[in-house]
Amino acid sequence: MNNNYVIGADIGGSHITAALINLSNGEVAADCKFKEPVDAGAGAEDILARWTACIARTLAAAGKEVAAIGIAMPGPFDYPGGISLIKGVAKYESLYGMNIRETLAASLGFRSGIYFENDASCFALGEAWAGEGKGCSRMVAVTLGTGLGGTFLQDNVILHEGKGIPPEGYIYHLPYKGGIAEDYISSRWLLNGYHQRRGQRLAEVKDLADLAEQQDATALALFAELGNSLGEVLAPWLGDFAAERLVIGGNIRKAHPFFLAPLEAYLRDNGIATTVHISGRGENSALSGAAWICSTHLNNNNAR
């Protein structure tokens with residue numbers, strides 16, 4: 001068994017990515033990284049076949065026996081038990097109640113450990129280990145995309161309670177403007193906002209960012225509002241937690257030239273000293289974070 005390497009996998013709404021990860025530094029082996037498209041509305045057999053194929057391809061390319069597999073998985077999910085609880089979110093519902101760990105272990109013929117953690121939390125762990133949060137003791141990571149992910153870390157440990165930690169350690173569900181934070185800080189809000197204000201439907205946030213690049217006033221205003229809203233939601237928690245850094249990931253991060261200044265201005269105007277950093281690693285951080293989960297379990301097993 002080679003305890004220096006594990007497989008990290010990231011489950012997205014339309015794909016799975018898997019890669020070989022070096023446990024000495026969290027780096028992703030580019031020549032052992034593969035992506036497979038997945039229809040999240042398909043039947044369980046099709047979804048699991050695609051997940052298995054991608055991970056198996058990575059295992060084969062690695063050319064070595066790896067110590068474990070770590071998977072960054074969206075919720076709701078029983079992460080310790082490996083059981084999918086995803087229901088009512090229009091993706092992966094056919095997996096509800098299935099033991100994903102046992103199913104993947106059998107289909108891969110993998111006898112070592114398979115571990116799961118929330119995808120946003122894996123992103124945070126990867127950034128803390130090998131990205132913008134490296135060397136930082138108290139960090140908050142946020143993923144901006146179809147949803148709003150948030151994770152609070154102290155010394156690379158995920159926190160779900162304590163001073164400055166929101167309920168369950170998440171931010172998407174925090175009350176905001178008569179709804180919840182995710183209603184106003186997400187790709188859905190940006191695209192719906194443009195349609196409401198201009199009568200035009202855009203396919204994705206990149207289209208909105210392209211318009212902002214062309215100085216479209218509505219697009220610029222929407223991104224500015226998003227940055228201000230993010231600051232308004234996070235400021236009390238960043239202050240109480242005494243966060244040193246806020247690291248932003250997710251697909252919307254690519255539009256940071258249009259929302260970063262309003263976010264930083266709001267934090268500064270409200271006395272929050274937390275510095276804001278944009279992830280340059282993207283998906284690789286989720287893969288590294290999934291590997292970090294493996295290393296934690298492997299170290300605990302070796303200590304017994």
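Keep in mind that what you see is a predicted model, and the values were worked out from it rather than measured.
- Under the rule for a ring-ring contact (aromatic ring centres under 6.0 Å, His included), Tyr172 has no partner lying at least two apart in sequence or in another chain.
- Residues passing the side-chain contact (heavy atoms from CB on, under 4.5 Å) test with Pro76 are Leu85, Ile86, sequence neighbours excluded.
- Annotation: side chain to side chain donor-acceptor pair (under 3.5 Å) contacts of Ser288 (sequence neighbours excluded): Arg281.
- A centroid separation of less than 6.0 Å is found between the aromatic rings of Tyr92 and Trp51.
- By the 4.0 Å N-to-carboxylate-O rule, Lys177 lies too far from Glu225 to be salt-bridged with it.
- Arg57 pairs by the salt bridge (Lys or Arg N to Asp or Glu O under 4.0 Å) definition with nothing, not counting sequence neighbours.
- Side-chain heavy atoms closer than 4.5 Å link hydrophobic residues (I, L, V, M, F, W, Y) into clusters, and following such links, possibly through other members, connects Tyr79 to Ile69.
- With sequence neighbours excluded, the residues that form a ring-ring contact (aromatic ring centres under 6.0 Å, His included) with Tyr176 are Tyr184.
- In this structure Thr146 satisfies the side-chain contact (heavy atoms from CB on, under 4.5 Å) test together with Ser187, sequence neighbours excluded.
- Looking only at atom types and distance, the side chain of Ser279 has no donor-acceptor partner in the side chain of Glu132 under 3.5 Å away.
- A side-chain N or O of Lys33 and one of Asn284 form a donor-acceptor pair less than 3.5 Å apart.
- In this view, Glu264 satisfies the side chain to side chain donor-acceptor pair (under 3.5 Å) rule with no residue, not counting sequence neighbours.
- Checked against salt bridge (Lys or Arg N to Asp or Glu O under 4.0 Å), Asp46 has the following partners two or more places apart in sequence or in another chain: Arg50.
- Neither side chain, Asn118 nor Tyr170, offers a donor N or O lying under 3.5 Å from an acceptor on the other.
- Shown here are the side chain to side chain donor-acceptor pair (under 3.5 Å) partners of Asn270, two or more places apart in sequence or in another chain: there are none.
- In the displayed structure, Lys206 atom NZ is contacted under 6.0 Å by at most 12 heavy atoms of other residues, nucleotides or ligands.
- For Lys91, there are no side chain to side chain donor-acceptor pair (under 3.5 Å) partners at least two apart in sequence or on another chain.
- Grouping the Ile, Leu, Val, Met, Phe, Trp and Tyr side chains by contacts below 4.5 angstrom, directly or via other members, places Val247 apart from Ile185.
- Judged purely by distance below 3.5 Å, without hydrogens or angles, the side chains of Arg245 and Thr275 never pair a donor atom with an acceptor atom.
- Pairs engaging residues 226-264 under the ring-ring contact (aromatic ring centres under 6.0 Å, His included) rule: Phe152-Phe241, Phe223-Phe258 [sequence neighbours left out].
- Leu234 and Ile278 fall within a single hydrophobic cluster, where Ile, Leu, Val, Met, Phe, Trp and Tyr side chains are chained together by heavy-atom contacts under 4.5 Å.
- Remark: Asp155 pairs with Ser137 by the side-chain contact (heavy atoms from CB on, under 4.5 Å) rule, at least two apart or across chains.
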